[in-house]
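The structure displayed is predicted, hence computed values, not measured ones.
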Amino acid sequence: MQLLGKSTFIHLLTRGDDVDISHCSKSEVSDVETAYYTDARTGRTVMLIETPGFDDSQEGITDTDILRRIIDFLQPPIGERVTLNGIILLHCISEPCVGGLSRKNLQMFEAICGEKCLLNVHIVTTNWDRVTEEEGNLREDELKKGAFQALLKGGAQMRHHANTVDSARRIISELIPLQDVTTQLQDQIVRGTPLVETDAGRIINQDLEELRGGHAEELSNAQKEMKEVGQAHGDDALRAELDAKCKVWRGRSYVPRRTSSN
């Protein structure tokens with residue numbers, strides 16, 4: 001049995017340490033990591049899988065790199081594909097909304113898992129000690145009606161995590177008996193879909209195209225400024241500054257375009 005989770009949750013299960021997750025910091029994990037946990041009630045030993053987040057990985061590692069590492073683990077070229085009994089999505093209840101990087105991770109989560117996995121998904125809210133009960137319940141209701149509505153309608157369930165060993169054990173004990181599943185991403189790869197053409201790959205490509213377009217516009221504006229400076233015979237220092245700006249945007253506007261390889 002395997003479980004997708006995050007390191008703070010996994011540390012509680014495997015070490016019993018009182019790990020601080022109250023700050024909801026970005027993951028520093030850049031690769032898929034595993035640990036093992038033996039459930040005292042059932043006697044079953046399970047594999048816990050930690051996957052890196054998107055847009056919060058180490059410098060020099062792209063979202064495409066992260067996606068490829070996930071699929072290489074779940075669907076290795078040689079050996080058996082990995083099946084999952086449970087999938088955990090952690091969310092800090094102290095965050096007022098799902099936005100920015102959190103929303104990107106949620107989109108990728110949905111694209112990787114697909115609808116058929118949702119019965120095996122627990123959305124686990126953390127950080128309850130940093131909000132009042134009233135505030136936490138209000139935010140939870142907003143999440144149910146907003147960001148997590150589609151997941152919940154598909155069969156996912158929400159759980160509170162109290163940042164204790166007992167709380168983590170209760171959550172995982174609900175997932176251990178479930179029928180194992182494969183993700184939508186795995187199924188798409190098995191059907192021969194190139195990684196960049198999967199649902200998850202398309203999200204990354206869309207972001208890259210938007211990034212490329214934004215940088216192209218800023219480069220154009222800088223070049224226009226240079227032309228105006230030249231026509232006005234401006235000083236050399238200003239012209240050099242604008243020339244340097246153009247070089248920066250030329251470099252940033254280069255984004256590798258998708259290929260047809262898996």
Worksheet item: Going through the checks in order, is the side chain to side chain contact (heavy atoms under 4.5 Å, CB included) test met by Ile203 and Lys104?
Response: CA-CA 9 Å; Ile203 292 175; Lys104 170 67 175 295; 4.2 Å; yes
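- Interatomic distance, CD1 of Ile112 versus OG1 of Thr183, reported as 7.5 Å (0.5 Å rounding).
- The line from CG of Leu195 to CG of Leu67 is 4.5 Å long, rounded to the nearest 0.5 Å.
- By the 4.5 Å heavy-atom criterion applied to side chains, Ile88 and Leu175 are counted as neighbours.
- Side chain of Gln188 to backbone of Asp199: a donor-acceptor contact under 3.5 angstrom is found.
- Using modelled atom types, one side-chain atom of Gln186 and one backbone atom of Val82 make a donor-acceptor pair closer than 3.5 Å.
- Between the side chain of Asp65 and the backbone N or O of Thr62 there is at least one donor-acceptor pair closer than 3.5 Å.
- Around atom CD of Glu174, more than 12 heavy atoms belonging to other residues, nucleotides or ligands sit under 6.0 Å away.
- Side-chain N or O atoms of Asn205 include one that pairs as donor or acceptor with a backbone N or O of Val196 at under 3.5 Å.
- A side-chain donor-acceptor contact under 3.5 Å links Asn120 to the backbone of Gln179.
- Counting all heavy atoms, side chain and backbone alike, Pro177 lies closest to Ser173 at CD-O, 3.3 Å.
- One distance of note links CG of Leu13 with CD1 of Ile172; it measures 5.0 Å at 0.5 Å rounding.
- His122 NE2 to Met158 CE: the interatomic distance, rounded to the nearest 0.5 Å, is 11.5 Å.
- Panel note: side chain Arg44, backbone Ile176; a donor-acceptor pair is recorded below 3.5 Å.
- Neither Leu119 nor Phe148 shares a network with the other; the hydrophobic side chains, linked directly or stepwise wherever heavy atoms of I, L, V, M, F, W or Y lie under 4.5 Å apart, form separate groups for each.
- Looking only at side-chain heavy atoms (C-beta outward), Asp31 and Ile61 stay at 4.5 Å or farther from each other.
- Closest approach of Ala35 to Thr14, counting heavy atoms only: CB-CG2, 3.9 Å.
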Item to complete: Determine, step by step, whether Leu89 and Leu106 satisfy the side chain to side chain contact (heavy atoms under 4.5 Å, CB included) criterion, reporting the C-alpha distance in whole Å, the side-chain angles of both residues, the deciding distance to 0.1 Å, and the verdict.
Response: CA-CA 9 Å; Leu89 174 64; Leu106 179 57; 3.9 Å; yes
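- Note: the hydrophobic cluster containing Ile123 also contains Phe54 (ILVMFWY, side chain heavy atoms under 4.5 Å, direct or indirect links).
- Residues Arg130 and Asn127 share a closest heavy-atom pair of CD-OD1, 2.8 Å.
- One side chain, Ser167 or His161, offers a donor N or O that lies under 3.5 Å from an acceptor on the other.
- At a threshold of 4.5 Å between side-chain heavy atoms, the hydrophobic network of Ile, Leu, Val, Met, Phe, Trp and Tyr places Met47 and Ile87 in one connected group.
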Item to complete: In sequence, state the C-alpha distance, the side-chain angles, and the governing distance for Thr45 and Thr38, and then conclude on side-chain hydrogen bond (donor to acceptor under 3.5 Å, both in side chains).
Response: CA-CA 4 Å; Thr45 297; Thr38 300; 3.0 Å; yes
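- With Arg69 contributing its side chain and Val32 its backbone, the two residues share no donor-acceptor pair below 3.5 Å.
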Worksheet item: Where do Met108 and Ile204 land on the side chain to side chain contact (heavy atoms under 4.5 Å, CB included) test, with the steps shown first?
Response: CA-CA 9 Å; Met108 293 299 294; Ile204 293 176; 3.9 Å; yes
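- His160 NE2 to Arg170 CZ: the interatomic distance, rounded to the nearest 0.5 Å, is 12.0 Å.
- Between Asn137 and Trp128 there is a side-chain heavy-atom pair separated by less than 4.5 Å.
- Each of Ile49, Leu178, Val121 was evaluated against Leu84; a single residue qualifies, Ile49, per the side-chain contact (heavy atoms from CB on, under 4.5 Å) test.
- Here the shortest heavy-atom pairing between Leu118 and Leu151 reads CD2-CD2, 3.6 Å.
- Side-chain contact between Arg81 and Leu74 is absent, with no heavy atoms from C-beta onward closer than 4.5 Å.
- Cluster annotation: Val181 and Leu185 are assigned to distinct hydrophobic clusters (Ile/Leu/Val/Met/Phe/Trp/Tyr, side-chain heavy-atom contacts under 4.5 Å, transitive).
- Atom-to-atom distance recorded for His91:NE2 and Glu140:CD is 10.0 Å, nearest 0.5 angstrom.
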Discussion item. Set out, in order, the CA-CA distance, both residues' side-chain angles and the distance that settles side chain to side chain contact (heavy atoms under 4.5 Å, CB included) for Arg139 and Thr125, then state yes or no.
Written reply: CA-CA 10 Å; Arg139 289 181 177 178; Thr125 52; over 6 Å; no
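- No path of Ile, Leu, Val, Met, Phe, Trp and Tyr side chains, each step under 4.5 Å between heavy atoms, connects Leu138 with Val131, placing them in separate hydrophobic clusters.
- In this structure, Glu197 contributes its side chain and Pro194 its backbone to no donor-acceptor pair below 3.5 Å.
- Between the side chains of Asp187 and Thr182, at least one donor N or O lies within less than 3.5 Å of an accepting N or O.
- Side-chain atoms of Phe73 and Thr34, non-hydrogen and from C-beta on, do get closer than 4.5 Å to each other.
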